[in-house]
Structures are given as C-alpha cells and as structure tokens.
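Inspection log for the structure reproduced underneath, given as structure tokens.
Whatever order the structure lists them in is the order used to number ligands and atoms, beginning at 1.
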Amino acid sequence: MSAKEEKLLHDAERILEENWKGKYTIPSPRLYPHQWSWDSGFITIGYSNFDQGKAQKELLSLFEGQWANGMLPHVIFRFENNYFPNSEYWQIEISEYSPEAKTSGITQPPAHALAAYDIFKNSGDKEEAKAFLKEIFPKILLFHRYLLTKRDPENSGLATIYHPWESGLDNSLRWDEPLARIEVKDLPEYQRVDKDKVHSDQRPSDDDYDRYVYLIEVMKKCSYNDEKIYDEIPFKIKDIVFNSILYKANQVMLEIADVIGARNDEIKTWVQATKENYFSYFSPNGTDETLLYDYDLIGEKRIVKRTAASLISLCTDLLSQDQAKRIASWMKHSHICKESCVHEHPVFTSISVDDMQFNPLNYWRGPIWININWMLYEGLKSYGILDDAENLKKSVIDLIDEHGFYEYYNPLSGEGLGADNFSWTAALLIDLLSEEN
Ligand code: 9WN
C-alpha cells in the first residue's frame with residue numbers, strides 16, 4: 001500500500017471512530033444523527049476489514065429496530081435530535097407490529113446479508129464468526145420473507161417500495177413522474193431541518209418533501225398495515241436497485257445457510273422467482289435490451305430514465321456477458337463528466353450527463369455517490385471486466401483523496417457536497433483499500 005493509501009485508510013478509520021456511538025454508527029454528525037439501515041450495511045462491510053467486534057455490533061444493533069412482521073426500518077432513533085421526520089412524527093405505535101425501539105415506518109435496500117457474509121469471510125476466527133451468522137441469519141431471513149410476501153402480493157420475487165426514501169436514492173429522476181401524479185391533500189404542518197444544514201441547491205425540493213410527507217400520512221392512516229397500504233398508497237414501484245440488491249442478498253443467504261447448516265428451500269424459491277420475473281418487469285423488450293428500468297405498478301409501465309439505477313443489474317449474475325459488456329461501455333460514455341472530467345478515468349454519476357435534467361449539485365440528480373460506484377466496481381469485477389473495474393477503483397480513491405469524505409461529489413469539479421465526514425464513503429473506501437490484489 002502506498003503512503004497516500006495508508007494515510008487515507010487512517011483518515012477513513014478516524015471518521016468511523018468519530019461517528020461510532022457505542023454500538024452503531026451515524027451516517028454523519030451534522031445531517032444524519034441516527035442509525036440508518038442500508039448505511040449500516042455498508043458501514044459493516046468497512047468494519048469487517050479491521051474491527052470484527054464493531055462490525056457485528058453494528059448489524060446486531062440495527063436489528064433491534066426490526067418489527068414483528070419482519071420489516072427492518074430505515075431509521076432507528078436512539079435519542080431525540082434535530083432531524084425531520086423525528087420518531088414522534090412517525091407514530092409507529094399505531095402498528096400492531098412495531099418494536100419497543102423508536103423507528104421509522106418504512107424500509108431501505110436489503111444490503112445486510114452481504115455485510116453479514118463479509119464478516120465471516122474477513123474473520124480470522126471462523127468459529128466465532130459462525131456463531132454470529134447463526135444469530136443474524138434468522139433476523140435477515142425474517143426481513144427478506146417480509147419483502148417477498150407482504151411487499152410482493154404478485155409473487156414476482158420482486159419487492160415493491162412505497163416511498164422514495166425506501167429506494168435509498170431519494171430524489172432520483174425516476175420518481176418524478178410517479179410523484180407528480182400524487183394529489184397532496186390535508187398535509188400536516190411540518191418543518192424541514194435539512195436545508196438549515198446543507199444548501200437547498202443540493203437537497204430535494206419542497207414539492208418533493210410535501211409528497212414524502214403525504215406518503216407517510218397515507219401509511220399512518222393505514223396503521224402501517226401492508227394489505228391496506230397496498231390498496232391505498234399512490235406510489236408503488238418494483239425498484240430495480242432494491243431488487244438487484246435483494247436478489248444478490250438472497251444468493252448470499254444461500255451461502256450463509258450452507259456455512260451454518262440452516263434450511264435453504266424457502267430462499268431457493270425466492271431466488272428462482274426473481275430469476276423468472278426480473279426481465280419481464282425490468283426490460284422493455286425481453287432480455288436483449290441493454291438498459292433495464294424500474295416498473296411503476298400504478299402507472300403500469302417502466303420508468304425509462306437514464307440513471308445509475310439501470311447500471312446496478314451488473315451486481316446480479318442475471319445478465320449475459322454480452323449485455324454486461326454493453327452496459328459497461330454505455331456507462332463509460334454516458335455517466336462521466338467528459339472533457340471537464342477531473343480524473344483520468346471515470347467515476348460514475350447518478351444520472352446520465354447527457355440527460356437534459358442532469359444537475360451537478362443536486363443530491364441523486366447528477367452527483368457522484370461512492371456506494372453506487374462501489375457496487376459498480378463489484379459488478380464489473382464479477383463479469384470479468386477487470387480493466388474498467390481497476391480504473392474505477394483508482395478514480396474513487398483519487399476522488400476521495402483530493403476532495404475529502406463527502407456524501408456526494410460534483411462531477412464537473414470533484415467538489416464534495418452534502419454531509420461531510422460521511423460514514424459509508426469512509427467504510428467503502430476502507431473496503432476497496434483492504435482488498436488483496
Ligand atoms: C432520508 C442517510 C440517508 C441515506 C439515503 C440518502 C439520505 C435521508 C435524507 O440519507 O436520505 O432517509 O434525509 O435525505 O438519500 O440513501 O441512507 O445517509
């Protein structure tokens with residue numbers, strides 16, 4: 001490891017140390033003062049490379065928020081803090097399934113099995129790691145069962161999301177049309193606090209926030225009952241990123257079941273169902289189409305927007321080699337910053353730079369995110385597109401080295417945006433730097 005990389009590793013570990021709260025890690029001190037679900041997954045992957053104790057605690061503490069029906073909430077509130085929506089606003093006690101912990105009432109992409117298995121793979125004490133897997137496996141299984149039953153009455157092997165926050169890519173262009181359809185009424189008074197901390201150019205619009213709040217109001221009216229929500233909620237999407245991660249997570253669950261000698265028949269049926277339906281939901285013209293898109297259940301159509309979401313299928317083994325290569329070559333000309341690019345090799349943007357709505361500053365509507373690039377790196381490697389994978393890794397390292405540990409980055413200048421000292425940026429950099437060549 002070069003001196004530069006050693007310093008970066010040290011800085012990344014320091015950020016995680018600063019954001020560590022005894023048994024979990026906050027995404028960033030200023031903007032996100034609680035525990036977030038898929039953040040915890042990525043953060044655990046980082047810890048698994050250098051601190052197994054923290055890695056295990058991070059994941060186990062997250063599941064303290066799990067609901068009795070298996071739902072894993074997207075936020076656990078440990079203490080009151082300046083964040084909207086706070087625990088009081090969610091009113092989860094109206095659900096018969098809510099836990100004692102204070103949580104939100106919606107979920108986030110299921111990256112946790114990947115994190116659990118990384119703990120095992122990176123552990124020097126396999127027996128101890130196996131004991132951890134035995135403890136976490138039934139909890140993750142319960143979550144996946146919730147996603148593939150309550151969130152999939154169609155039996156498609158693909159879970160439905162009810163809220164843009166469930167996608168993790170909150171104000172993605174993909175949600176513009178489904179959100180525009182929503183008629184917002186009887187909105188309670190609420191106060192955004194995010195814009196006091198980060199410039200509003202970099203955050204979702206007030207119109208988006210009204211819709212975010214309205215969707216939660218609908219869920220509350222349904223007492224967070226999935227059957228009722230399915231009938232009432234005006235936003236229901238088979239999200240390609242969420243489901244690519246879920247499919248991968250189920251494959252990893254099969255590996256974990258093997259290690260601990262657990263039953264795997266139910267997981268096998270989920271994997272099979274996803275395989276059978278992935279392309280019929282996500283591909284406009286069958287398996288040959290290069291780009292795949294989310295499916296809008298209410299609009300009854302695919303959401304054809306050129307965003308990084310269409311690249312995330314690379315994280316599954318469902319593409320043909322030819323299709324994977326076409327996606328890789330498409331993203332190299334469409335998802336980079338071209339002449340003004342600050343790096344020799346591309347770091348991929350959250351939407352195509354050719355899109356009329358490309359915005360270099362605004363959140364998921366243009367900027368570079370490290371978790372997306374980390375997933376693309378893993379995907380490129382899995383399809384043997386190794387030169388592109390290596391170039392991507394170098395560029396991610398350079399970007400963080402030059403601009404710091406931010407939540408996202410301006411693709412035209414490299415400038416860090418959103419929250420600083422951002423945990424998953426640090427954790428996933430640690431994962432990249434710890435990889436054996
Ligand atoms: C809402 C914590 C979370 C991430 C999401 C990211 C952002 C929250 C917000 O921050 O969402 O959940 O307030 O904008 O979009 O992916 O998990 O880092």
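For ligand 1 and Y363, the ligand atoms under 4.0 Å from any heavy atom of the residue are 6 (C), 7 (C), 8 (C), 9 (C), 11 (O), 14 (O), 15 (O). Proximity to F422 (heavy-atom distance under 4.0 Å) selects the following atoms of ligand 1: 18 (O). Annotation for ligand 1: atoms under 4.0 Å from non-hydrogen atoms of P27 are 2 (C), 18 (O). Of all the atoms in ligand 1, the ones that sit under 4.0 Å from a non-hydrogen atom of W38 are 4 (C), 5 (C), 16 (O), 17 (O). Annotation for ligand 1: atoms under 4.0 Å from non-hydrogen atoms of H74 are 12 (O). Every atom of ligand 1 with a heavy atom of Y83 under 4.0 Å away is listed here by number and element: 1 (C), 8 (C), 9 (C), 13 (O). Taking every non-hydrogen atom of R203 and a distance limit under 4.0 Å, the qualifying atoms of ligand 1 come out as 9 (C), 13 (O), 14 (O).
By the 6.0 Å and 45° rule, R151 stacks over the aromatic ring of Y162.
Atom 11 (O) of ligand 1 has its closest protein heavy atom at D170 OD2, 2.8 Å. The shortest contact between atom 17 (O) of ligand 1 and any protein heavy atom is with D39 OD1, 2.6 Å. Of the protein's non-hydrogen atoms, G168 O, 3.6 Å is the one closest to atom 5 (C) of ligand 1.
S350 and Y408 share no side-chain donor-acceptor pair at under 3.5 Å.
Interatomic distance, CD of Q52 versus CZ of F120, reported as 10.5 Å (0.5 Å rounding).
Residue contacts with ligand 1 do not include D194, since none of its heavy atoms lies under 4.0 Å from the ligand.
Sparse packing is recorded around CD of E177, with 12 or fewer heavy atoms of other residues, nucleotides or ligands lying under 6.0 Å away.
Although no hydrogens or angles enter the test, the distance criterion places a donor-acceptor pair under 3.5 Å between the side chain of N86 and the main chain of Y89. At least one donor-acceptor pair under 3.5 Å links the side chain of S423 to the backbone N or O of P27.
Inclusion of W36 in the set of residues having an N or O under 3.5 Å from an N or O of ligand 1 is warranted.
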Worksheet item: Under the ring-ring contact (aromatic ring centres under 6.0 Å, His included) criterion, do W67 and Y224 qualify, and how do the steps go?
Response: CA-CA 11 Å; W67 290 26; Y224 296 109; 5.6 Å; yes
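Checked against the 6.0 Å centroid threshold, Y363 and W369 count as a close aromatic pair.
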